[in-house]
Number of protein chains: 2
Amino acid sequence: MDTLNNPARLTIGRLSQQAGVGIDTVRFYERRGLLPSPARSPSGYRLYSEDTIARIRFIRRAKGLGFTLDEVENLLRLQDQGGRKSAVRELTERKLIQINAKIDDLQRMRNVLQKLAGECSGKGNVDSCPIIEALSNEDEYDGT
Amino acid sequence: MDTLNNPARLTIGRLSQQAGVGIDTVRFYERRGLLPSPARSPSGYRLYSEDTIARIRFIRRAKGLGFTLDEVENLLRLQDQGGRKSAVRELTERKLIQINAKIDDLQRMRNVLQKLAGECSGKGNVDSCPIIEALSNEDEYDGT
DNA sequence: CTTGACTCTTGACCAGACTCTAGGGTTTAT
DNA sequence: ATAAACCCTAGAGTCTGGTCAAGAGTCAAG
């Protein structure tokens, strides 16, 4: 990780600040295997090079796109070890499928709730509330 | 819960089978306060009336629509104690807002991933893979 | 030199919704 | 009568992604 001019001079506090995550998160990512064991100062302090900022940002961006840390680990391994592009693409496409499935799920929920909210006057008490009734009697939609 | 002819004759195994959940889930719902403490046989076995099947299905349908167990608890309380319709509607509308936010989030992710997947040939090794590069360099999109 | 800010390790804790284990007692079928 | 299948309790474990606490060592400023 220290190829050319990347001296390890950042303490964990500075690193985490620059990467935009908490100190504990950095140590957690290290334990998780997402970050390599860093160099240490004589007194045992972790010392990082600037590379690590980029690596943490990579992790955060991947997470922002819906990848789990396990999946991020795979992506990082592919990057570190020069894997095949097709592997990256496959991960991406699997994630797309999952995301689409979730969107479909949520849209189904939204449709039901919207319909029910539209049917409910919001006045009076709860007997004959169409929402409560829909939940009480198995009907049209199926809430898995 | 035993208003008219609803004798408590179901053991927890039968109940859970008919309701389509695991035995442990029934006990968990009881601890959680979603199900009232059931009658007991002389030897301490829980005994349920058919009502409870409906109640568990209510819970499952509400969960299927995205309500958390805390929210389901509220809905059940409104049902049990004859709350106002407006309270039910408010819960529903708050849930709708949450669901829409989640959908937006996922759509944003999908758009980015789709674009990236489209740019990636899938051939060769990972250097110059547009997906890896997008994750490496902060760009256009912002992965929270 | 002392104070305060920083870092270290190990290990516990959070939410949410279950799921399982251990070590019993009970009921039912053969 | 005895085995299989059921039920009981209390409490721990699961998953994900962190976050916090305790107790101790280290470093920079005044």
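Each chain gets a letter, A, B and so on, in the order the sequences are listed, and its residues count up from 1. Bear in mind that the values here come from a model prediction, so they are computed numbers and not experimental data.
- Around the CZ atom of A/Arg9, the shell of radius 6.0 Å holds no more than 12 heavy atoms that belong to other residues, nucleotides or ligands.
- Rounded to an integer number of Å, the gap from B/Glu73 CD to C/dA17 C1' is 13 Å.
- Atom CD1 of B/Ile56 and atom P of C/dC18 are 11 Å apart (whole Å).
- Salt-bridge formation is not detected for the pair B/Arg77/B/Asp80: no Lys NZ or Arg NE/NH1/NH2 atom is positioned less than 4.0 Å from an Asp or Glu carboxylate oxygen.
- Contact between the side-chain N/O atoms of B/Arg60 and the OP1/OP2 oxygens of C/dC18 is found at a separation under 4.0 Å.
- Using a 4.0 Å heavy-atom cutoff across all strands shown, A/Thr68 reaches sugar-phosphate atoms only and no base atom.
- Atom CG of B/Asp24 and atom C1' of D/dG13 are 12 Å apart (whole Å).
- Considering only the side chain of B/Tyr45, C/dT26 comes nearest among C/dC18, C/dT26, D/dT19.
- Taking the nucleotide of DNA chain C with the nearest heavy atom to each of B/Arg14 and B/Phe67, the more 5' of the two is matched to B/Phe67.
- Residues B/Thr92 and B/Val88 have side chains in contact (heavy-atom distance under 4.5 Å, counting atoms from C-beta outward).
- The interatomic distance linking B/Lys63 (NZ) with C/dA17 (C1') rounds to 7 Å, in whole Å.
- If you take CZ of A/Phe28 and P of D/dT19, they are 9 Å apart, rounded to a whole angstrom.
- Each of B/Ile59 and B/Ser41 was matched to the nucleotide of DNA chain C holding its nearest heavy atom; the match closer to the 5' end belongs to B/Ile59.
- Listed nucleotides D/dC7, D/dT19, C/dA17 differ in distance to B/Thr11; the shortest reach to its side chain belongs to D/dC7.
- Using a 4.0 Å heavy-atom cutoff across all strands shown, A/Arg40 reaches sugar-phosphate atoms only and no base atom.
- In this structure, A/Thr25 does not reach the D/dG17 phosphate: none of its side-chain N or O atoms is under 4.0 Å from OP1 or OP2.
- Counting heavy atoms of neighbouring residues, nucleotides and ligands inside a 6.0 Å radius, atom CD of A/Gln107 exceeds 12 of them.
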For this session: Kindly indicate, with the supporting measurements, whether the criterion salt bridge (Lys or Arg N to Asp or Glu O under 4.0 Å) is fulfilled by A/Arg94 and A/Glu71.
Result: CA-CA 11 Å; A/Arg94 241 184 292 141; A/Glu71 290 161 342; 5.8 Å; no
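- Phosphate proximity of C/dC18 to B/Tyr29: present, with a side-chain N or O under 4.0 Å from OP1 or OP2.
- OP1 or OP2 of C/dC8 sits under 4.0 Å from a side-chain N or O of A/Arg46.
- Taking atom CG of residue A/Leu35 and atom C1' of nucleotide D/dG17, one finds them 14 Å apart after rounding to whole Å.
- Counting heavy atoms from C-beta outward, A/Phe28 and A/Leu69 have side chains that approach closer than 4.5 Å.
- At whole-Å resolution of the value, CD1 in A/Ile23 and P in D/dC20 are 11 Å apart.
- Atom CD in B/Glu71 sits about 14 Å away from atom C1' in C/dA15, given to the nearest Å.
- Within 4.0 Å of A/Arg27, counting heavy atoms only, lies at least one base atom of the nucleic acid.
- Closest to the side chain of B/Arg32, from the set D/dC7, D/dG17, C/dA17, is C/dA17.
- Which of D/dT19, C/dT26, C/dC18 sits closest to the side chain of B/Ser43 comes down to C/dT26.
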